[in-house]
Amino acid sequence: MAYSCSLFHSSLASNSNFISLHHRNHRRFNRPAPTVISCSSSTFDSSSTTSSSNNNSPSAQKNRRHADENIRDEARRHRSTAKNTLSAKYVPFNAGPDSTESYSLDEIVYRSRSGGLLDVQHDMEALKKFDGAYWRELFDSRVGKTTWPYGSGVWSKKEWVLPEIDSDDIVSAFEGNSNLFWAERFGKQFLGMNDLWVKHCGISHTGSFKDLGMTVLVSQVNRLRKLKRPVVGVGCASTGDTSAALSAYCAAAGIPSIVFLPANKISIAQLVQPIANGAFVLSIDTDFDGCMKLIREVTSELPIYLANSLNSLRLEGQKTAAIEILQQFDWEVPDWVIVPGGNLGNIYAFYKGFKMCQELGLVDRIPRLVCAQSANANPLYLYYKSGWSDFKAIKANTTFASAIQIGDPVSIDRAVYALKNSNGIVEEASEEELMDAMAQADSTGMFICPHTGVALTALMKLRNSGIIGSGDRTVVVSTAHGLKFTQSKVEYHSKEIPDMACRFANPPMQVKADFGSVMDVLMKYLGDKAPKH
Ligand SMILES: Cc1ncc(COP(=O)(O)O)c(C=O)c1O
Ligand SMILES: N[C@@H](CCOP(=O)(O)O)C(=O)O
């Protein structure tokens with residue numbers, strides 16, 4: 001599949017700005033943030049230790065960081081001396097009330113004694129000592145600042161993520177705080193919807209939502225290494241996004257990273273990311289599931305810490321995207337959230353984020369979740385269609401949504417739990433459907449990845465069947481930046497894909513370099529576009 005059009009070039013744009021959405025949010029964000037938020041039994045650092053003001057008033061100057069101090073030093077100087085009453089530990093995933101099995105987060109453990117998944121369990125009683133309004137205000141007060149580490153959308157929720165980690169150990173690129181895009185034209189034109197949103201988790205440091213989990217995992221590794229635990233490097237199997245995030249965060253912390261990639265199955269843009277960040281890259285002649293099996297075997301033999309989402313630390317970071325969505329809607333709960341699924345950690349992370357907000361009184365309900373799969377890699381969809389009676393791992397086929405070409409998802413149990421407990425739905429998208437949906441979305445000003453095309457296809461199907469109503473507030477989670485997947489767009493717009501009509505292709509027009517020829521094509525174009533009366 002070669003490039004045929006020299007007009008197309010790829011480069012990865014990175015933007016971690018928080019784009020506040022609408023008037024309701026402005027009201028909240030404009031409120032002065034409290035310097036210290038006190039509560040009955042504890043005090044957490046608030047965001048306003050650094051002056052975020054541009055003015056030169058004496059009070060702004062007084063709050064200024066010392067000239068010889070960096071933001072980490074400054075955070076240390078302002079750190080609350082109150083005893084931290086919050087904690088978290090690993091427990092077997094979905095363990096019954098009688099289970100006593102648990103592990104410190106400082107242990108290197110990925111599986112329960114019975115071989116099942118683990119989950120990070122927070123001390124909910126300690127968190128409940130503060131009411132929902134407290135947490136809403138604390139999280140809101142930290143948005144858009146450079147105070148270490150709260151300028152990160154993940155670490156602005158530190159108390160719910162890794163409450164015990166020292167801020168000094170955190171490795172962060174101020175990830176998160178991604179924009180929630182009102183898909184006005186796409187919603188109106190293709191779906192008759194006026195409250196459709198796209199959460200752009202891919203507009204991030206390495207171009208995918210993986211940054212949210214990787215900052216947490218690599219921070220904990222940083223702590224483990226300081227505690228002299230046997231961690232020489234960190235490794236993952238990847239379809240291209242986990243490897244990019246792992247290598248970037250490890251490079252920032254000076255920790256060796258090792259990535260197992262299925263040969264010729266990821267995009268060039270994704271392949272070059274770990275190479276550029278200095279990771280040890282193994283290109284292996286197998287698929288993602290084969291790489292996953294190998295990394296699990298290797299990490300049980302060598303002092304390499306496992307960074308895939310089998311490791312439940314990752315999901316603690318990823319769950320903050322759910323909290324962020326609620327925050328961006330001024331703590332109003334959307335009706336639906338649609339997430340593309342592959343290894344199936346993220347759908348559970350969203351569930352967990354929403355559920356914590358409900359349990360801790362920030363909101364009174366959770367949205368219905370939809371997991372969207374490529375029809376070429378759809379083990380969850382087949383399981384759902386069997387009435388959850390018959391799960392079979394499959395051999396995943398090639399799909400343009402290459403990052404979710406996964407046939408044996410490690411988090412299958414987590415995904416089923418999330419969907420059952422959120423009245424959820426699973427949908428699938430054929431190659432033509434996902435590529436058409438991507439092209440349609442792009443034609444309304446987005447530039448999404450094929451995985452987001454899978455999620456948009458699910459939305460289209462659920463709208464057509466009337467399950468999602470025209471007025472339902474719906475969020476589609478965009479998981480990676482479209483600039484990582486330009487080749488699939490080039491092929492689509494060049495109409496190069498066998499057996500695909502590419503109905504929304506917009507190929508460039510070749511024109512001779514003379515005024516007459518250019519005028520001819522422009523006159524025709526403008527004639528076609530002129531409003532018909
Ligand atoms: C771009 C993209 N979208 C979606 C997914 C699916 O996420 P999960 O594996 O957590 O289901 C992945 C990775 O698997 C991905 O890289
Ligand atoms: N899409 C993923 C696949 C691995 O998922 P993980 O969340 O378990 O790391 C990737 O980019 O590698």
Side-chain angles (χ1 to χ4, degrees), residues 93-94 110-111 115-117 119 209-210 236-242 260-262 265-266 284 286-296 308-312 314-315 318 337-351 369-434 437 449-459 461-462 477 479-480:
F93 173 72
N94 199 16
Y110 316 115
R111 286 275 185 192
L117 294 162
D119 199 16
F209 72 95
K210 306 287 180 177
C236 72
S238 184
T239 53
D241 290 324
T242 298
F260 288 12
L261 302 178
K265 290 190 174 63
I266 70 170
I284 306 179
T286 179
D287 56 10
F288 170 80
D289 298 300
C291 289
M292 190 70 223
K293 187 168 173 292
L294 284 167
I295 193 78
R296 282 170 70 171
N308 283 102
S309 58
L310 176 66
N311 186 326
S312 43
R314 282 263 311 279
L315 306 183
Q318 289 173 212
V337 174
I338 306 177
V339 186
N343 223 9
L344 299 181
N346 211 26
I347 185 79
Y348 176 69
F350 270 91
Y351 170 79
L369 297 181
V370 178
C371 190
Q373 292 211 295
S374 157
N376 282 359
N378 61 354
L380 179 73
Y381 178 76
L382 296 176
Y383 191 20
Y384 172 75
K385 282 290 172 190
S386 76
W388 300 125
S389 68
D390 187 21
F391 176 73
K392 281 196 201 78
I394 62 167
K395 173 96 187 137
N397 289 316
T398 304
T399 168
F400 280 106
S402 53
I404 53 175
Q405 189 185 326
I406 297 173
D408 190 8
V410 300
S411 286
I412 182 72
D413 295 344
R414 291 175 175 142
V416 173
Y417 183 91
L419 290 160
K420 284 186 178 167
N421 287 287
S422 64
N423 194 14
I425 294 176
V426 187
E427 258 301 348
E428 67 170 358
S430 70
E431 292 301 287
E432 181 147 18
E433 287 169 338
L434 75 90
C449 68
H451 321 84
T452 310
V454 172
L456 288 173
T457 302
L459 168 63
K461 289 182 172 176
L462 294 170
V477 177
T479 44

In Å, rounded to the nearest 0.5 Å, how long is the span from [atom1] of [X] to [atom2] of [Y]?
X	Y	atom1	atom2	result
Thr242	Asn343	OG1	CG	8.0 Å
Leu315	Leu310	CG	CG	9.5 Å
Cys371	Leu344	SG	CG	5.5 Å
Asp287	Thr398	CG	OG1	9.5 Å
Lys210	Asn308	NZ	CG	8.0 Å
Ile295	Phe260	CD1	CZ	4.0 Å

Open item on the list: If the condition is ring pair (Phe, Tyr, Trp, His ring centres under 6.0 Å), which residues does Tyr110 pass it with, not counting sequence neighbours?
Closed with: Tyr305
What's the shortest heavy-atom distance between [X] and [Y], and which atoms?
X	Y	value
Val410	Leu117	O-CD2, 3.7 Å
Ala377	Ala396	CB-CB, 3.8 Å
Ala372	Ile338	CB-CG2, 4.5 Å
Lys392	Pro379	O-CB, 3.9 Å

Task: Positive for side-chain contact (heavy atoms from CB on, under 4.5 Å) with Pro409, one of Phe288, Tyr383, Phe391 - done: Phe391
- [ ] Go through Glu428 and Lys385 one step at a time and tell me if the side chain to side chain contact (heavy atoms under 4.5 Å, CB included) criterion holds.
- [x] CA-CA 11 Å; Glu428 67 170 358; Lys385 282 290 172 190; over 6 Å; no
Open item on the list: I need the full list of side-chain hydrogen bond (donor to acceptor under 3.5 Å, both in side chains) pairs touching residues 399-414, with sequence neighbours left out, sorted by first then second residue.
Closed with: Ser374-Thr399, Thr399-Glu431, Ser411-Arg414
Task: Ala429 backbone acceptor or donor facing Thr457 side chain under 3.5 Å - done: no
Contact between [X] and [Y] at the side-chain level, heavy atoms closer than 4.5 Å - yes or no?
X	Y	result
Ile394	Asn378	yes
Lys293	Thr286	no
Val477	Val337	yes

Open item on the list: Assess the residue pair Thr452 and Cys449 against the criterion (side chain to side chain contact (heavy atoms under 4.5 Å, CB included)); give the C-alpha distance rounded to whole Å, side-chain angles, the decisive distance to 0.1 Å, and a yes or no.
Closed with: CA-CA 5 Å; Thr452 310; Cys449 68; 3.1 Å; yes
TODO: Using the six-membered ring wherever Trp is involved, compare the ring planes of Trp388 and Tyr384 and label them parallel, tilted or perpendicular (cut-offs 30° and 60°).
DONE: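 Perpendicular: the ring planes of Trp388 and Tyr384 meet at over 60°.
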Using distance only, find each side-chain donor-acceptor pair of residues 417-427 under 3.5 Å and give its atom names and separation, not counting sequence neighbours.
residue : atom : partner : partner atom : Å
Asn421  : ND2  : Tyr417  : O            : 2.8
Ser422  : OG   : Ala418  : O            : 2.8

